[in-house]
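A short write-up of the structure that comes next.
In the text below, chain A, chain B and the rest are named by the order of the sequence lines, each starting its count at 1. What you see is a predicted model; the values in this text were computed from it and never measured.
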Amino acid sequence: MPENAAYWAELVIRVRDRQDKAAFAELFRHFAPRVKAFLMKSGAGATLAEECAQDVMATLWQKAHLFDPTRASVATWVFTIARNRRIDALRKSRRAEPEELDWGPEPELDQAEVIVAQQETDLLGRALAQLPEKQRALIERAYFGELSHSEIAAETGLPLGTIKSRIRLALDKLRHHMT
Amino acid sequence: MTIRHHLSDQLLMSYAAGHLPEAFNLVVATHVSLCDECRAQLASFETVGGALIQTFGSVEMGETALEVALARLEAVPQATQRAPLKAAGILPAPLADYVGGNLANVRWQRIGGGVKQAILPTDNAAMVRLLFIPAGKAVPDHGHRGMELTLVLQGAFADANDRFNRGDVEVAGEDMEHTPVALQGEDCICLAATDAPLRFMSLIPRLAQPFLRI
């Protein structure tokens, strides 16, 4: 099995459904060093970054039931956990989260939807790698916290429109069911 | 009802990256709770974060890190679904959480002309408050030193440029001087965040500013 986004999603589902430790170990080997790098780049020392990366992976285990492979990739989900951990650890401030939507009883997983959602991160990763160095550096600095919100250039040059439309469509469907 | 005034991409990206002051986080989270358009856009900026985690690079974990992690799993049971935060009347869930209930729990402070405010506790990087403006009344004329976000929760207000209904958010920058007026019919309640103290145009409110924290 190739190491792509759909593969990581399958591992998280094994963690979720069967408390599969081998799957967790594989996720840990892949994501923990990346989370550590992200946290160090965001200003954490090596020791703190290692501790926080441990916390992030423990959260992944604990909250596996919240992972929805039709909405986000594992990398994106891990990013949001790491981001929140960083806010707690480095800034010691609260972060308000949007109201959770009630997606209703879990329907049969639509494999096509899963694959699309998972592939987006891979595609975006490739698009990111192809950006001119200067532009990529700007995006990285925005995410690592080296730019204030007024300094951020929101024009990323990345194909974000497709991701937004897909999620927008899912939200429209949900609203339709609710009324 | 359709939301016409949205958050800027700058703000959504900054919120996705986790670098906004706490006060702004609250306005963003509250608007996103009401606005699917911005919820979808936020998700796409979070996907950029995922792509960065995936491609940026890695720093080796300590030798025993995996053992430590696996040992730790024994101690942390998988969490069960916790009850999600609920909206309370006109307050979307994140705001209800900050207020500690519904509108009746807000401790208003009068600031003149029937206008009331309630400052919500956040860190000091920026400030957020609820504003109550009686129908037909104006918010005192003010310019901005920093950025101000004003999200309508009830009623509507208008300034020279536009009209803002429930869910709409006005993003005002440095250069903007305006006199928002609550429209007739319903008292207007807004959530407003600013990263600098407001600067009032007339003398009296300016003198009062240090005492009122507006």
Side-chain angles (χ1 to χ4, degrees), chain A residues 19 21 24-25 28-29 32-38 40-41 49-50 53-54 57-58 61-65 72-73 75-76 78-80 82-84 86-87 93-100 120-121 124-125 128-129 139-140 142-143 145 149-150 152 154 156 158 160 163-164 167-168 171 175, chain B residues 8-11 13-14 17-20 22 24-26 28-30 32-33 36-37 39-62 65-66 68-70 72-73 76-81 84-85 87 92-95 97-98 122-123 147:
Chain A
Q19 290 78 50
K21 285 190 179 164
F24 176 79
F28 188 94
R29 278 190 287 265
R34 287 175 163 78
V35 170
K36 187 176 175 182
F38 167 74
M40 287 178 70
K41 189 72 187 146
E50 171 113 6
Q54 282 281 4
M57 297 311 293
W61 172 267
Q62 274 181 293
K63 297 196 171 169
H65 63 278
S73 72
T76 298
V78 167
F79 163 74
T80 60
R83 170 198 69 197
N84 294 353
R86 184 196 59 207
I87 292 171
S93 64
R94 274 172 81 187
R95 173 188 166 89
E97 294 288 344
E99 198 163 305
E100 282 171 43
E120 278 169 358
T121 311
L124 206 54
L128 201 57
I139 295 174
E140 287 178 357
Y143 279 77
H149 59 83
S150 51
I152 285 179
T156 58
L158 292 169
L160 297 181
I163 301 174
K164 183 187 172 186
I167 296 165
R168 191 73 178 84
L171 290 168
R175 300 294 181 200
Chain B
S8 64
D9 278 352
Q10 272 98 333
L11 284 163
M13 192 204 257
S14 217
H19 297 298
L20 279 182
E22 185 184 350
F24 282 22
N25 280 342
L26 181 58
V28 172
T30 305
V32 168
S33 299
D36 285 352
E37 189 71 16
R39 192 185 282 269
Q41 186 70 341
L42 172 62
S44 69
F45 283 127
E46 285 179 338
T47 311
V48 176
L52 272 179
I53 283 264
Q54 190 72 267
T55 55
F56 175 69
S58 59
V59 173
E60 216 173 310
M61 294 286 283
L66 180 55
V68 170
L70 287 169
R72 201 171 151 184
L73 298 188
V76 286
Q78 284 186 325
T80 43
Q81 205 90 36
L85 292 169
L95 186 54
D97 189 33
Y98 264 78
T122 60
D123 66 27
M147 179 187 258

| task | Below 4.5 Å from any heavy atom of chain B, which atoms of A:A129 appear? Answer side chain, backbone, both or neither. | result | neither
| remark: Separation between CZ (A:R34) and OG1 (B:T55), nearest 0.5 Å, reads 9.0 Å
| Side chains of B:T122 and A:R94 in contact at under 4.5 Å (non-hydrogen atoms) | no
| request: Measure the spacing between CD of B:E37 and CG of A:L171 and express it to the nearest 0.5 Å. | output: 9.5 Å
| note | CE of A:M57 to CG of B:L66, rounded to nearest 0.5 Å, is 9.5 Å
| message | Given 3.5 Å as the limit, does a donor-acceptor pair link the side chain of A:Q54 with the main chain of B:A65, or not? | response | yes
| message | Distance check, rounded to the nearest 0.5 Å: B:Q54 atom CD versus A:F38 atom CZ? | response | 13.5 Å
| Set of side chain to side chain donor-acceptor pair (under 3.5 Å) partners for B:E60, sequence neighbours left out | none
| task | Show your reasoning for whether side chain to side chain contact (heavy atoms under 4.5 Å, CB included) applies to B:R39 and A:I167. | result | CA-CA 8 Å; B:R39 192 185 282 269; A:I167 296 165; 5.9 Å; no
| Most heavy-atom pairs under 4.5 angstrom with chain A, which of B:N25, B:V59, B:L42, B:L52? | B:V59
| query | Using a cut-off of under 4.5 Å for heavy-atom pairs, which of B:G18, B:S14, B:A43 has the most such pairs with chain A? | reply | B:G18
| task | Measure B:T47 against the heavy atoms of chain A and call it side chain, backbone, both or neither at under 4.5 Å. | result | both
| A:E99 (side chain) donor-acceptor with B:S33 (main chain) under 3.5 angstrom | no
| task | Over all heavy atoms of both residues, which pair between B:A29 and A:E97 is shortest? Give the atoms and the distance, please. | result | CB-C, 3.7 Å
| Highest number of heavy-atom pairs under 4.5 Å with chain B: which of A:A75, A:A49, A:P98? | A:P98
| field | Heavy-atom proximity to chain A below 4.5 Å, by part of B:F24 | value | side chain
| query | Quick one: what part of A:I87 sits under 4.5 Å from any heavy atom of chain B, side chain, backbone, both or neither? | reply | side chain
| note | A:F24 meets the ring-ring contact (aromatic ring centres under 6.0 Å, His included) criterion, sequence neighbours left out, with A:W61
| note | Among B:G49, B:P92, B:A93, the residue with the most heavy-atom pairs under 4.5 Å to chain A is B:G49
| Which one, A:M40, A:K41, A:R86, leads in non-hydrogen pairs under 4.5 Å with chain B? | A:R86
| query | Pick one: which of A:T121, A:L124, A:T76, A:I163 meets side chain to side chain contact (heavy atoms under 4.5 Å, CB included) with B:V48? | reply | A:L124
| query | Can you tell me how far CG of B:L26 sits from CZ of A:R95, rounded to the nearest 0.5 angstrom? | reply | 11.5 Å
| Contacting moiety of A:L158, where chain B heavy atoms sit under 4.5 Å | side chain
| said: Please check this pair: side chain of A:E50 against backbone of B:G62, looking for a donor-acceptor N/O pair closer than 3.5 Å. | reply: yes
| said: Can you confirm whether A:R83 sits close enough to B:H19 that some side-chain heavy atom of one is under 4.5 Å from a side-chain heavy atom of the other? | reply: no
| query | How many angstroms lie between atom CZ of B:F45 and atom CZ of A:F79, to the nearest 0.5 angstrom? | reply | 11.5 Å
| field | Residue selection (most heavy-atom pairs with chain B, distance under 4.5 Å) from A:S73, A:A142, A:A72 | value | A:A142
| Is the shortest heavy-atom distance from the side chain of B:D36 to the side chain of A:R168 under 4.5 Å? | yes
| message | Does any backbone or side-chain atom of A:L128 lie under 4.5 Å from a heavy atom of chain B? Answer side chain, backbone, both or neither. | response | side chain
| said: Looking at every heavy atom in both A:A37 and B:S58, which two are closest together, and how far apart are they? | reply: CB-CA, 3.7 Å
